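For reference, the structure discussed in these notes is given below.
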Amino acid sequence: MTPSEPGSDRAFSRIATILAAAIALVATLAVPAAYFLASTAARYAEVAAEANLAAATMSQLASRNPELWVFENARIRGLLGMLRTSQEPERIIVTALNGDSVAEQGDMLPPPVMASTSPIYDAGRIVGHVQAARSQQRVLLITGLVALLACSLGAFTFVILRALPMRLLRRALRRSTHLATHDTLTGLPNRALFQDRLEQSLAWSRRESACLAVLYLDLDRFKDVNDTLGHAAGDRLLAEVATRLRACVRETDTLGRLGGDEFAVVQVGVHQFGDTELLARRMIDAFDPPFDLDGALVSAGVSIGIAMRGATAPGLPEIDAGLLLQEADVALYRAKEEGRGTYRFFAADMNQRLLERRALEADMLTALATEQFVLHYQPQFELIGRRVVGAEALLRWRHPQRGEVPPEAFVPLAEETGVIVQIGEWALYEACRQAAAWPTLRSIAVNVSPVQFRRPGFFEQVQRALRRSGLNPSRLEIEITEGILLQDTDETLAMLRRLRGLGIAIAMDDFGTGYSSLGYLQRFRFDKIKIDRSFIRGLASDPHAAEIVRAVLRMSHAMGIRVNAEGVEHEQQAALLRDEGCEEAQGFLFAQALSADEFADLLARNLRRTPLREAATA
Ligand code: C2E
Ligand code: CA
Ligand code: CA
């Protein structure tokens with residue numbers, strides 16, 4: 001799995017080579033050239049000085065012996081011998097004006113030769129010339145030798161300069177390429193590289209008329225591990241999962257981590273569905289032994305969605321890597337829905353579901369803008385006296401085509417896409433506004449999604465709703481689920497305390513369905529606990545459920561927390577709860593969620609109720 005050397009690597013290599021060559025060339029040429037120029041300049045100056053000196057000496061001699069030029073060339077030759085200069089040139093020639101050489105000293109010089117000529121004066125007249133000359137041969141020889149030496153030094157420099165940075169550069173490039181294409185935690189190809197491999201495999205299988213499968217994996221309940229054991233444990237689990245999955249795939253397959261707890265495999269050379277099923281089974285089975293996370297044994301599972309292309313799955317339209325991965329994702333969604341720890345092949349009708357989800361997503365934004373959301377109010381009753389003591393605001397979506405869409409059908413998607421933040425802000429304000437118009441209502445409860453709660457700005461949302469509606473903060477209660485307490489606990493507790501500081505009440509919703517609720521109850525004192533309706537349902541028939549309800553009531557009362565029982569549908573349940581000291585309840589026995597008008601009527605009737613009738617009902 002070595003990353004292919006990208007074009008930028010080759011370009012870097014070329015630039016580094018050119019730079020190294022330039023430096024080596026300069027080093028090679030500079031030394032001999034400098035030596036040659038310096039010695040030539042020095043020699044030329046010497047030769048010129050020599051010629052001047054000789055000419056001056058000759059002028060003196062000539063003016064003292066006027067007959068010198070006419071008669072006695074031999075004497076001049078003798079006189080030449082008298083020229084004593086500090087640095088004797090290798091050859092001096094004296095010429096008469098007619099160009100005849102009248103005297104010579106020194107031997108013929110080997111070329112190349114440099115020469116300098118100076119006139120000889122006698123009483124202001126030029127009477128002849130002196131030429132001094134030297135051979136450059138030695139300088140050239142030395143320059144050649146120096147150049148030779150510099151050349152080998154230069155070549156050496158070049159090799160060093162090229163080899164050294166290229167090695168470092170290559171390593172750095174390889175590392176950064178690896179980082180850019182691999183996931184640091186597991187060392188597996190990341191989404192970008194995986195997609196690239198998938199594209200290549202897809203093109204290859206098209207060419208070879210072969211078949212390939214994409215398996216999209218998602219860990220089951222990974223969030224629980226992260227939330228309860230911490231992120232470090234979550235990371236260790238992911239690394240261990242990667243190791244186990246690696247052992248399941250063949251060398252020709254690509255396993256990658258697409259992000260979070262999502263992995264994927266490209267399986268090539270598939271001959272029949274069975275090949276892919278076998279791989280999927282093997283990967284699911286790999287999760288059987290529990291994971292050892294520093295002593296804590298944790299069991300985890302995986303769900304797999306599969307999409308295929310090629311001869312094994314004939315008749316399917318050609319698609320690109322992104323869409324194929326999306327098909328596998330849709331199949332994964334189905335696998336999760338149908339019980340987790342299993343795999344599903346993509347089928348065309350699944351796409352329909354995906355399209356519907358997309359449409360719903362778009363519709364929600366329109367719904368906000370066109371006021372399709374409304375709130376209904378489910379009354380909350382005191383179990384003794386059965387007076388209305390509060391209301392829970394419940395979201396309803398009046399969809400122009402689909403009719404009334406229940407919150408379960410859109411709240412989870414709204415949470416996934418984040419639209420819940422806007423929807424929740426609207427619901428919060430609307431509930432406050434409505435409650436302010438019902439002064440006889442003691443409190444209004446509003447559901448807050450964990451996504452909305454964790455978004456920065458939630459505190460300001462609450463402040464704004466209170467200020468704009470003018471509702472007394474003591475009449476607002478927000479309902480949060482245990483899920484909120486599982487993440488960033490210190491931050492969450494600080495936020496809860498800030499909210500409490502506004503004077504509002506905080507209720508724990510769906511109590512008993514979460515994970516480690518009891519511990520958190522000691523760290524934050526909730527104003528109310530709402531026992532989930534799954535416990536109320538079994539109250540009369542299931543001794544286990546009754547025992548849990550009793551325990552929750554005892555514990556809450558010991559801590560001075562009010563308890564609300566949700567989903568009370570039968571008199572028997574209400575009686576049991578009242579006898580156990582449960583303060584309030586809501587459920588179909590008393591009333592469903594009512595429209596604002598219906599609720600206002602109920603509130604008016606509630607005021608007119610006499611204590612006598614209450615006693616009769618109780
Ligand atoms: P929840 O907070 O547990 O709300 C109570 C749900 O139980 C309501 O369903 C209510 O109609 C239903 N219910 C009440 N009494 C009974 C009963 O006696 N028997 C049975 N079987 N059910 C009963 P609804 O209105 O469909 O709301 C479902 C969930 O949607 C809520 O569960 C809550 O989690 C969420 N939800 C509703 N409104 C909002 C909202 O404004 N914001 C957020 N974030 N979530 C909301
Ligand atoms: Ca609720
Ligand atoms: Ca609830």
Side-chain angles (χ1 to χ4, degrees), residues 364 367-368 372-381 383 388 390-398 403-435 443-455 458 461-462 465 476-484 505-514 517 526-540 549 552 563-574 577 582 584-596 598-599:
M364 274 192 287
L368 262 175
Q372 292 170 16
F373 289 117
V374 285
L375 288 182
H376 278 194
Y377 300 88
Q378 185 173 40
Q380 299 173 323
F381 289 84
L383 275 169
V388 175
E392 175 178 3
L394 292 163
L395 200 53
R396 296 290 176 264
W397 181 3
R398 292 218 199 96
E404 189 149 294
V405 186
E408 265 107 353
F410 66 89
V411 168
L413 183 61
E415 286 178 330
E416 244 175 73
T417 57
V419 188
I420 193 69
V421 177
Q422 287 122 282
I423 299 180
E425 172 158 32
W426 174 83
L428 189 65
Y429 167 69
E430 176 62 14
C432 290
R433 186 193 64 77
Q434 187 58 262
S443 72
I444 181 84
V446 182
N447 290 286
V448 171
S449 151
V451 176
Q452 185 189 0
F453 183 89
R454 281 201 204 96
R455 261 322 147 81
F458 174 64
Q461 259 186 27
V462 177
L476 175 64
E477 181 173 279
I478 61 170
E479 295 191 2
I480 63 164
T481 51
E482 291 162 278
I484 283 181
I506 295 166
M508 175 172 277
D509 202 1
D510 303 343
F511 186 76
T513 56
S517 20
F526 285 88
D527 299 284
K528 188 187 281 181
I529 284 175
K530 299 185 74 177
I531 305 180
D532 190 67
R533 63 174 172 275
S534 55
F535 297 103
I536 308 301
R537 196 182 309 129
L539 202 53
V549 169
V552 173
V563 179
N564 170 304
E566 286 191 295
V568 175
E569 296 182 357
H570 306 292
E571 267 305 338
Q572 214 182 349
Q573 296 164 338
L577 286 161
C582 181
E584 65 180 63
Q586 61 188 94
F588 295 164
L589 172 65
F590 311 103
Q592 302 209 351
L594 307 171
S595 70
E598 290 167 335
F599 187 81

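The figures here come from the full heavy-atom set of this structure, side chains too, leaving out hydrogens, waters and symmetry mates. Given the structure is predicted, the values throughout are model-derived calculations rather than measurements. Numbering of ligands and ligand atoms starts at 1, following listing order.
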Indicate whether atom 15 (N) of ligand 1 is within a distance of less than 4.0 angstrom of some protein heavy atom.
yes
If I consider every N, O or S atom in Asp509, which one ends up closest to the Ca ion (ligand 2)? I only need its name.
OD2
Does the shortest distance from the Ca ion (ligand 3) to an N/O/S atom of Glu479 fall below 3.0 Å?
no
Note: Glu408, heavy atoms under 4.0 Å from ligand 1, region reported as side chain
Would you say the Ca ion (ligand 2) has Asp510 as a near neighbour, meaning an N/O/S atom of that residue under 3.0 Å away?
no
Ligand 1 N/O within reach of Gln452 N/O, cut-off under 3.5 Å
no
Sub-4.0 Å protein heavy atom near atom 34 (O) of ligand 1:
no
Would you say Glu392 has an N, O or S atom lying under 3.0 Å from the Ca ion (ligand 2)?
yes
Close approach, Glu392 and ligand 1, non-hydrogen under 4.0 angstrom
yes
Contacting atoms of ligand 1, where contact means under 4.0 angstrom from a heavy atom of Gln378:
14 (C), 15 (N)
Have Gln586 and Gln380 got a donor and an acceptor in their side chains that come within less than 3.5 Å?
yes
Does any N, O or S atom of Asp532, backbone or side chain, fall under 3.0 Å from the Ca ion (ligand 3)?
no
